[in-house]
Amino acid sequence: VQAGAVRWTGWAFCAVPGSSCLRCLFEDIPSGRVETCAEAGVVGPVLGVLGGLQAAMALRLLDGDPPKGELWHYDGLKGVLRRNSVARRTDCPLCRGEIEDLRVERYTASCAA
């Protein structure tokens, strides 16, 4: 169960074996410069909503009803919460076992650029 937020919006996602993964959702890291949370800001109550969503997803996992591939998106300005299902991509290198270049340096470099 993962989540992320910036400014007034955020998402929570659950990936379990056999379902879509984060790379199915976000094909790769963005190219070029990306604002950090310190630069863009994060609204505290948005994190509270996302933490609640993550806890609910984790409890469903423990209860045997995994929220496979569920993506929840929260817009704090509009007060809108919506759920989508993310399909597993047939060309996803992670799901196919072709993990390429997962070095930490590759992911931290885009935030520091």
Side-chain angles (χ1 to χ4, degrees):
V1 177
Q2 301 90 14
V6 66
R7 295 184 186 97
W8 286 93
T9 63
W11 56 267
F13 179 71
C14 181
V16 296
S19 75
S20 54
C21 68
L22 271 180
R23 190 160 273 191
C24 290
L25 180 60
F26 303 112
E27 292 183 27
D28 208 346
I29 60 172
S31 60
R33 189 183 185 309
V34 177
E35 282 186 311
T36 65
C37 291
E39 295 167 339
V42 179
V43 178
V46 170
L47 299 177
V49 171
L50 295 173
L53 284 170
Q54 284 184 288
M57 289 177 154
L59 289 172
R60 286 178 58 196
L61 281 169
L62 293 173
D63 195 35
D65 178 29
K68 296 178 185 178
E70 283 188 12
L71 172 66
W72 290 83
H73 182 265
Y74 178 65
D75 184 331
L77 277 178
K78 295 179 183 175
V80 174
L81 177 65
R82 56 178 202 268
R83 180 180 67 88
N84 294 310
S85 294
V86 177
R88 189 172 180 180
R89 290 187 313 129
T90 57
D91 63 338
C92 175
L94 186 59
C95 289
R96 289 191 342 213
E98 302 168 359
I99 302 172
E100 298 176 15
D101 197 11
L102 291 179
R103 293 173 293 129
V104 172
E105 298 83 21
R106 179 169 184 252
Y107 294 90
T108 56
S110 68
C111 292

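- Minimum interatomic distance between Thr90 and Arg96 (heavy atoms only, all atoms of both residues): O-CD, 3.2 Å.
- Hydrophobic cluster membership is shared by Val1 and Val16, with clusters built from Ile, Leu, Val, Met, Phe, Trp and Tyr side chains linked at under 4.5 angstrom.
- Between the side chain of Thr9 and the backbone N or O of Tyr74, no donor-acceptor pair lies under 3.5 Å.
- For the pair Leu71 and Trp11, the minimum side-chain heavy-atom distance is below 4.5 Å.
- Distance alone, capped at 3.5 Å, places no donor-acceptor pair between the Arg23 side chain and the Cys95 backbone.
- Counting only distance, with no hydrogens or angles, the side chain of Asp63 and the backbone of Asp65 share no donor-acceptor pair below 3.5 Å.
- Separation of atoms OG (Ser20) and CG (Leu25) is listed at 7.5 Å; rounding is to 0.5 Å.
- When all heavy atoms of Ala5 and Val42 are compared, the pair lying nearest together is O-CG2, 3.8 Å.
- Taking 4.5 Å as the limit, some side-chain heavy atom of Cys92 sits within range of a side-chain heavy atom of Cys21.
- Nearest approach of Ala15 to Gln2, heavy atoms of both residues: N-OE1, 4.4 Å.
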Could you walk me through whether His73 and Asn84 pass the side-chain contact (heavy atoms from CB on, under 4.5 Å) check? CA-CA 8 Å; His73 182 265; Asn84 294 310; 5.5 Å; no
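- Distance check, rounded to the nearest 0.5 Å: OG of Ser19 to NZ of Lys68 gives 7.0 Å.
- If you take CG on Asp91 and SG on Cys24, they are separated by 8.5 Å, rounding to the nearest 0.5 Å.
- Phe13 has its side chain out of reach of Pro67: every pair of non-hydrogen atoms, C-beta onward, lies at least 4.5 Å apart.
- A distance of 4.5 Å separates CZ in Arg83 from CD in Glu70, rounded to the nearest 0.5 Å.
- Placement of Val6 and Trp72 in two distinct hydrophobic clusters is found when ILVMFWY residues are connected by side-chain heavy-atom separations under 4.5 Å, directly or transitively.
- Here the straight-line distance linking atom CG of Leu94 with atom CZ of Arg89 works out to 10.0 Å at 0.5 Å rounding.
- Across all non-hydrogen atoms, the minimal contact from Leu61 to Pro66 is CD2-CB, 3.4 Å.
- A continuous path of Ile, Leu, Val, Met, Phe, Trp and Tyr side chains, each step under 4.5 Å between heavy atoms, connects Leu77 with Leu50, placing both in one hydrophobic cluster.
- Leu81 places a side-chain heavy atom less than 4.5 Å from the side chain of Leu53.
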